[in-house]
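Please read the structure below before turning to the comments.
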Amino acid sequence: MSPDAFSGFIEDTYAPLVASGALAAPYNPANELKIFQEALGLDREGATRELTAADTFAKGLVNQLKGIPETMKEQVSQYLIGMTDDAAGNVLLKALSGRLSESGFRIVKVKVGSLVL
């Protein structure tokens, strides 16, 4: 199958599913940046500053976490840094960074039925 025919097949097969919401749209970094900027009301300079901060935080956090087996440290690092690939991950990292800079985490116990989490 030629590249043009394959592209047409993919478009014909998946575009209606994306349009109907049955499938998520393919990953688009420019779209993630736009979502991030709009969600936080940032201009290009502000977004660059916040994204750099989220990346730095993710990279630094993995080195400060305790209890990660050495054999999994790279996977955990990649997972955290991977959060910087989309708008939601960057917003989460920003929120975590802000919370940790306030007074650290306080975990509140939640009772679900007879189970306490």
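Values reported hereafter were calculated over all heavy atoms of this structure, with side chains retained and with hydrogens, waters and symmetry mates removed.
F36 shares a hydrophobic cluster with L33, L40, L42, L51, V91; the chain of contacts runs through ILVMFWY side chains whose heavy atoms sit under 4.5 Å apart.
Residues A24 and V18 approach most closely at O-CG2, 3.8 Å, considering heavy atoms. Residues I68 and L65 approach most closely at CD1-CB, 3.7 Å, considering heavy atoms. When all heavy atoms of R44 and Q37 are compared, the pair lying nearest together is N-NE2, 3.3 Å. Among all heavy-atom pairs drawn from V76 and V62, the shortest one is CG1-CG2, 3.8 Å.
A donor-acceptor pair is defined here as one N or O able to donate and one able to accept, closer than 3.5 Å; such a pair exists between the side chain of T56 and the backbone of T52. Of the possible donor and acceptor atoms, one in the side chain of Y27 sits under 3.5 Å from a partner among the backbone N and O of D85. In this structure a side-chain-to-backbone donor-acceptor pair under 3.5 Å is missing from T13 to I10. The backbone N or O of L93 lies less than 3.5 Å from no partner atom in the side chain of S97, so there is not a single donor-acceptor pair.
Atoms CG and CD1, on N28 and I35 in that order, are 8.5 Å from each other to the nearest 0.5 Å. Remark: F57 CZ to L92 CG distance equals 8.5 Å, nearest 0.5 Å.
When the salt bridge (charged side-chain N to carboxylate O under 4.0 Å, His left out) test is applied to D55, the partners found at least two apart in sequence or on another chain are K59.
L80 and L96 fall within a single hydrophobic cluster, where Ile, Leu, Val, Met, Phe, Trp and Tyr side chains are chained together by heavy-atom contacts under 4.5 Å. A continuous path of ILVMFWY side-chain contacts below 4.5 Å connects F9 to L17, so both sit in one hydrophobic cluster.
Counting non-hydrogen atoms of other residues, nucleotides and ligands closer than 6.0 Å to CD of Q78 gives a total above 12.
The side-chain heavy atoms of K73 and N63, taken from C-beta on, include a pair separated by under 4.5 Å.
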